[in-house]
Amino acid sequence: MEETMSEHPNVTVINRMTEAALAGDKKVLAECFTEDMAFHVRGPLPRVGDHRGVEGFLGVIGLIGDLTAGDLKLDQQFAIADDGWAVEWERARFGRNGRTLDVHNAFIYRFEDGRIAEMWMIGAGPAGSESFFE
Amino acid sequence: VGGDSLLEKWFAAGDAGDLEAFDDFLHIDVVVHAPMGLSTEGREAEKAVWRDALRAMPDISHDIQEVVSVGSTIAARAVVTGTLQGNFAGISANGKSYDVDQGLFAHVRDDKIVEAWEIVDTASLLQQLGALPE
């Protein structure tokens, strides 16, 4: 999937949001999200379900950070966008209690006025990954 | 049936049981990466997986919600529904229905998909089908 493309502004927002998420930077996240941003979490991840806003987002991402004690590695495979939607594919490696989980995460983003208004995080891991964060 | 993208055409044809139409959308040597041991190499192998899927889940449906296409890459989010009426992917028939999110990525060459990745919320799928280990 290697391909050289000029970066769409919505991809720039995604990358800025990801950096802010890892840093726990609420100010930047608030700039990247609409106020009532909807966050849909699917897969072998904690707090599967639907969440709202910066606090709802950080409630999930922060918990992943806590449960892994920061032992996580994200590797973006690619991100593409048009003016209304964007899609990102990421490989993630989580470490927890001596175990390792490698998952593929698909992110789908809906944009409103240059901000993320809705996002889906769909994780897929190997058999048995469902219990990793329990 | 389905939208304009190769991903939409491929899955619409599959859901409809028109597997010969895959010849128009998939490269003969297409590689499909899928969970639950369903990855395939080659168009005929992909048809065989769909044939098994349709036999086990005659009502299987991939409702593609959004598509982003940039250069030779297509990505989409789909909602997959079905009812397990026959054995499939190591799960015994149980008459249970499911509804899960799926991320799809495809790489295109010469107007046909040459490689595709299906990122499925298998955690939810297995839970809905009652197939998670106790």
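Here is the naming used below: chain letters follow the sequence lines, and residue numbers restart at 1 for every chain. Just so we're clear, the structure is a prediction, and the values are computed from it rather than from any experiment.
- Interatomic distance, A:Ile108 CD1 to B:Asp101 CG, rounded to the nearest 0.5 Å: 7.5 Å.
- Looking at B:Val67, only its backbone comes within 4.5 Å of chain A, counting heavy atoms on both sides.
- Within the 4.5 angstrom heavy-atom criterion, no atom of B:Gln65 approaches chain A.
- In the hydrophobic clustering of this structure, B:Val100 does not group with A:Met121; members are Ile, Leu, Val, Met, Phe, Trp, Tyr whose side-chain heavy atoms approach within less than 4.5 Å, directly or through other members.
- Not one N or O on the side chain of B:Asp121 forms a donor-acceptor pair closer than 3.5 Å with the backbone of A:Ile122.
- By the rule that hydrophobic residues join a cluster once side-chain heavy atoms approach within less than 4.5 Å of another member, B:Ile28 and B:Phe25 end up as members of separate clusters.
- For A:Trp120, the part lying under 4.5 angstrom from a heavy atom of chain B is the side chain only.
- To the nearest 0.5 Å, the span separating CG on B:Leu104 from CH2 on A:Trp89 amounts to 11.5 Å.
- Heavy-atom neighbours of A:Arg91 CZ from other residues, nucleotides or ligands within 6.0 Å: at or below the threshold of 12.
- Heavy-atom neighbours of B:Asp111 CG from other residues, nucleotides or ligands within 6.0 Å: at or below the threshold of 12.
- Here the straight-line distance linking atom CD of A:Glu130 with atom CG of B:Leu125 works out to 10.0 Å at 0.5 Å rounding.
- Transitive grouping of hydrophobic side chains (ILVMFWY, heavy atoms separated by less than 4.5 Å) keeps B:Ile74 and B:Val31 in distinct clusters.
- Cluster annotation: B:Val30 is not connected to B:Val114 through the hydrophobic network of ILVMFWY side chains, with a link wherever side-chain heavy atoms come within less than 4.5 Å.
- A 6.0 Å sphere centred on CG of A:Leu22 holds more than 12 heavy atoms belonging to other residues, nucleotides or ligands.
- Criterion: ILVMFWY side-chain heavy atoms under 4.5 Å apart, direct or through other members. Under it, A:Phe94 and B:Ile119 are not part of a common hydrophobic cluster.
- Separating the CD1 atom in A:Ile80 from the OG atom in B:Ser69 is a distance of 6.5 Å, to the nearest 0.5 Å.
- Interface residue B:Val68: backbone and side-chain heavy atoms are both found under 4.5 Å from chain A.
- Chosen from A:Gly125, A:Pro44, A:Ala86, A:Ala106, the residue pairing most often with chain B at heavy-atom distances under 4.5 Å is A:Ala106.
- Atom-to-atom distance recorded for B:Arg77:CZ and A:Arg110:CZ is 10.0 Å, nearest 0.5 angstrom.
- Between atom CZ of residue A:Phe78 and atom NE2 of residue B:His107 there is a gap of 10.0 Å, rounded to the nearest 0.5 Å.
- Of all heavy-atom pairs spanning A:Gly43 and B:Ala123, the tightest one is C-CB, 3.8 Å.
- Within a 6.0 Å radius of CG in A:Asp36, more than 12 heavy atoms belonging to other residues, nucleotides or ligands are found.
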